[in-house]
Asks: 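First the structure, then my questions, so here it is.
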Amino acid sequence: MSLRIFNTLSSKKEAFDPSPENRVGMYVCGVTVYDYCHVGHARSAVVFDTIFRYLKHLEFDVTYVRNFTDIDDKIISRALEEKVSWQEVTKKYIDAFYEDMGQLYIEVPTVEPKATDHIPEMLDMIALLVDQGKAYESGGDVFYSVSSFGGYGQLSKKNIEELQSGARVEVNESKRDALDFVLWKKSKPGEPAWDSPWGAGRPGWHIECSAMGRKYLGDTFDIHGGGKDLVFPHHENEIAQSCGVTGCPPVRFWVHNGFVNIDKEKMSKSLGNFFTLRDIYKKHHPETLRLFLVSSHYRSPIDFSEKNLEDAEKVLSRFYEALADADEVLKGELASRDVVRKHPLLTKCEEAMNDDFNTSVVLALMNEELRAINTELDKIARGSGDQNKLLVCVAAFRLVGGLLGLLSSSPEKFKREIFDLKKSSLGLDVAKIEKLIKDRDLARKGQDWSRADQCRDELTQMGVVLEDTPQGTEWKIQ
RNA sequence: GGCACCGUCGCCAAGUGGUAAGGCAGAAGUCUGCAAAACUUCCAUCGGCGGUUCGAUUCCGCCCGGUGCCUCCA
């Protein structure tokens, strides 16, 4: 089966037919840089990063564009609050974005345009709309006239008359119609401003994506992504603007990820129920968060909770544990790429990913493969295993993990990082632990089992788990 | 009020018109001084009621419950 993707526009999975040159253009709405990223931002970034990785795996020539919205009301008010320039605000949070997202193994997109670097492109589009009578100036603002676009509401399945009568649509004296939205916003004295044919101002939010998508990917491109909350009005408006300018639909596939919930409620700034990535990283490994985020389908809501992260960490630890054991046996031996490509695990995972990026099934398949790997390891330890089989399984396992952006670390590094996180959050006394382990080993050598068990009970109470191996006693936390 | 979506084992989570992947937790076993880890085995009839069908968890209708969008939002 070839790739099928759910298209918000049709509410159906559709065959994703590549262009003859196998090129794919994908635009994803990034973040407005006025604060630290929370888990909701991470989900969107991880979802589209996973899609990006998979498209590349299918050997598409992908141009992936993800923007930064670096001018907007919230940025201006944040600058006022912090008594700094708006540029300082955006720089600070763009830096923080890279720091926080980088830890989630998010690959760098092909292009990362900023809105303020594309004012001329936006002005061009606005001018074209005004010339055609699809947009109008009013008191220094420029609005898009929604009634000029027949297809309005198609993406969000909204009825234009119902929207018009909707009580919640803001009433603005300078608009001709309540649904009209701003393309260019007149600036007040002291606010950041750019010159335009309609006076000093700044762009409205929606026009930046239309302008940047068009500049980097053309009048019509393959995939446009973002969180479900962007469907209306942002993406609906984008379609209206772009169609107004080019006369053709800007996007073939609209792809939207579901929300991150806390207790079944959407994580959001206004509800105050959000967790920033940096807060989470104090207690959890970023890769754990990534595994958690790919454990459900990208369109479903996902409930963020301590328990779910703990479950994710257990899975990931088992993965790395097996890899550590396998590496010890294989000693850096490399599998043939062609053989790995034909491994059933990979074939099955491709089938799952081809069906609208079903990452949960990929994880299920990885868990099954994990059992096969551990079984082979057991056999090898008993002298009857097939080392070559193990080699190929492990290579396929790593490759598939890589599709999800997982397992790119070394097992030692991962284990050490988890250890450090737990050690500091539990405040463990390592010297005391090692003393107890030494005492226990002495007791064991003297076959003083009750003394040995006493030591271990004490360690258990501290959250330390012991593992007696032929190489000696190892320990881990919790 | 309008428009969408969701309701699968104790918890998380896939899925299909022909009797339901995977993970966590739990139970039993192998291994172990005892454990841990690993492995083996066990562990659900899919919110309710009707309908379509030879057959529905999967399609349709109604009901109940939950969420989202309609304003900035990943």
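The structure presented is a predicted model; accordingly, all values stated were derived computationally and were not measured. Here is how names work: the chains are called A, B, and so on, in the same order as the sequence lines, proteins then strands, and each is numbered from 1.
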Asks: Restricting to nitrogen or oxygen on both sides, can you table the protein-nucleotides 64-66 of chain B pairs closer than 3.5 Å?
Replies:
none

Asks: When you measure from the side chain of A:R43 to the backbone of A:G258, do you find a donor-acceptor pair of N or O atoms at a distance under 3.5 Å?
Replies: yes

Asks: Using atom CE of A:M101 as one end and atom P of B:rA74 as the other, report the distance to the nearest whole Å.
Replies: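 To the nearest whole Å, that distance equals 10 Å.
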
Asks: May I ask you to decide if A:S156's main-chain N or O and A:E236's side chain share a donor-acceptor pair within less than 3.5 Å?
Replies: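 Looks like yes, one N/O pair under 3.5 Å.
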
Asks: Do A:E287 and A:Y320 pair up side chain to side chain, a donor and an acceptor below 3.5 Å, judged on atom types alone?
Replies: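 Per modelled atom types, A:E287 and A:Y320 side chains form a pair under 3.5 Å.
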
Asks: Taking any heavy-atom pair under 4.0 Å as a contact, classify A:G227: base, sugar-phosphate, or nothing.
Replies: sugar-phosphate

Asks: Does the protein touch nucleotides 31-41 of chain B at the base, only the backbone, or not at all? Give it as B, S and - per nucleotide, heavy atoms under 4.0 Å.
Replies: --BBBBSSSS-

Asks: Are A:Y98 and A:F68 close enough, and set up right, to give a ring pair (Phe, Tyr, Trp, His ring centres under 6.0 Å), and what steps lead you there?
Replies: CA-CA 12 Å; A:Y98 283 122; A:F68 285 111; 5.8 Å; yes

Asks: With heavy atoms under 4.0 Å as the rule, sort A:V28 into base, sugar-phosphate or nothing.
Replies: nothing

Asks: Of all of residues 293-300 of chain A, which get a heavy atom below 4.0 angstrom from RNA chain B, listed by number?
Replies: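 Residues of residues 293-300 of chain A under 4.0 Å from RNA chain B: A:S295, A:S296, A:H297, A:S300.
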
Asks: Give the residues of residues 386-402 of chain A touching RNA chain B, defined as any heavy atom closer than 4.0 Å, sorted by residue number.
Replies: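 Of all residues in residues 386-402 of chain A, none places a heavy atom under 4.0 Å from RNA chain B.
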
Asks: What is the separation between atom CD on A:E208 and atom C1' on B:rC72, rounded to the nearest whole Å?
Replies: 13 Å

Asks: Just verifying a value: how many Å separate A:L230 CG and A:H235 NE2, rounded to the nearest 0.5 Å?
Replies: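 Atom-to-atom, A:L230:CG and A:H235:NE2 are 4.5 Å apart.
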
Asks: Okay, side chain of A:D386, backbone of A:N388: is any donor-acceptor separation there less than 3.5 Å?
Replies: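 Checked: pair present.
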
Asks: Without decimals, in angstroms, what is the distance between A:F292 CZ and B:rA14 P?
Replies: 11 Å

Asks: Between A:H235 (NE2) and B:rC70 (C1'), how many Å, whole number?
Replies: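 Those two atoms, NE2 and C1', are 17 Å apart.
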
Asks: The side chain of A:N308 lies closest to which of these nucleotides: B:rC12, B:rC24, B:rA74?
Replies: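 Closest nucleotide among those given: B:rC12.
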
Asks: For A:D303, does its backbone N or O pair with a side-chain atom of A:N308 as donor and acceptor, under 3.5 Å?
Replies: yes

Asks: Nearest nucleotide by nearest heavy atom, which residue falls closer to the 5' end of RNA chain B, A:H41 or A:K157?
Replies: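 Taking each residue's closest nucleotide, the earlier one in sequence belongs to A:K157.
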
Asks: Taking only the P atom of each, what is the distance from B:rC11 to B:rG48 in whole angstrom?
Replies: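 Nearest-Å result for B:rC11 against B:rG48 at atom P: 15 Å.
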
Asks: Do A:F319 and A:F414 pass the ring pair (Phe, Tyr, Trp, His ring centres under 6.0 Å) test, and can you show the C-alpha distance, the side-chain angles, and the key distance before you say yes or no?
Replies: CA-CA 11 Å; A:F319 285 178; A:F414 176 79; 9.9 Å; no

Asks: Show, in sequence, the C-alpha distance, side-chain angles and deciding distance for A:R416 and A:S409, and conclude whether the side chain to side chain donor-acceptor pair (under 3.5 Å) test is met.
Replies: CA-CA 11 Å; A:R416 196 185 61 239; A:S409 192; over 6 Å; no

Asks: Counting heavy atoms from C-beta on, name the nucleotide in B:rG22, B:rG68, B:rA14 closest to the side chain of A:A364.
Replies: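 Minimum distance to the A:A364 side chain belongs to B:rG22.
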
Asks: Whole angstroms only, please: what is the CG-P distance between A:D311 and B:rA14?
Replies: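 It is 14 Å, rounded to the nearest whole Å.
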
Asks: Rounding to an integer number of Å, can you tell me how far A:K228 NZ sits from B:rC70 C1'?
Replies: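 Rounded to the whole Å, the gap is 16 Å.
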
Asks: For B:rU16 versus B:rG47, give the span between their P atoms, rounded off to a whole number of Å.
Replies: 15 Å

Asks: Using purine N1 to pyrimidine N3 plus N6-O4 or O6-N4 for Watson-Crick, or N1-O2 and O6-N3 for G-U wobble, both under 3.5 Å, which nucleotide pairs with B:rG65?
Replies: B:rC6

Asks: Going by the rule side chain to side chain donor-acceptor pair (under 3.5 Å), which residues pair with A:T473 if we only count those two or more places apart in sequence or in a different chain?
Replies: A:D441, A:D468

Asks: Determine the contact category for A:M366: base if any of its heavy atoms lies under 4.0 Å from a base atom, sugar-phosphate if only primed atoms, P, OP1 or OP2 are that close, otherwise nothing.
Replies: nothing

Asks: Think A:K314 has a side-chain N or O under 4.0 angstrom from the OP1 or OP2 of B:rA25?
Replies: yes

Asks: Would you measure the distance from the P atom in B:rG51 across to the matching atom in B:rA14 and give it in whole Å?
Replies: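 32 Å, rounded to whole Å.
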
Asks: If you measure from the P atom in B:rC46 to the same atom in B:rG7, how many Å do you get, rounded?
Replies: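 The same atom, P, in both gives a distance of 14 Å.
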
Asks: In whole Å, what is the span from the CZ atom of A:F232 to the P atom of B:rA74?
Replies: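 Value for this atom pair: 17 Å.
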
Asks: What are the two closest heavy atoms between A:Y93 and A:D35, and how far apart are they?
Replies: CD2-C, 3.3 Å

Asks: Check every atom of B:rC24, B:rG22, B:rG2 against the side chain of A:E368 and return the nucleotide holding the closest atom.
Replies: B:rG22

Asks: Could you give the distance separating B:rC9 and B:rC49 at their C1' atoms, to the nearest angstrom?
Replies: 23 Å

Asks: Would you say A:D356 and A:Y298 are linked by a side-chain donor-acceptor pair, where the criterion is simply a distance under 3.5 Å?
Replies: yes

Asks: Kindly state which residues belonging to residues 69-78 of chain A come within less than 4.0 angstrom of RNA chain B, counting heavy atoms of the residue only, listed by number.
Replies: A:K74

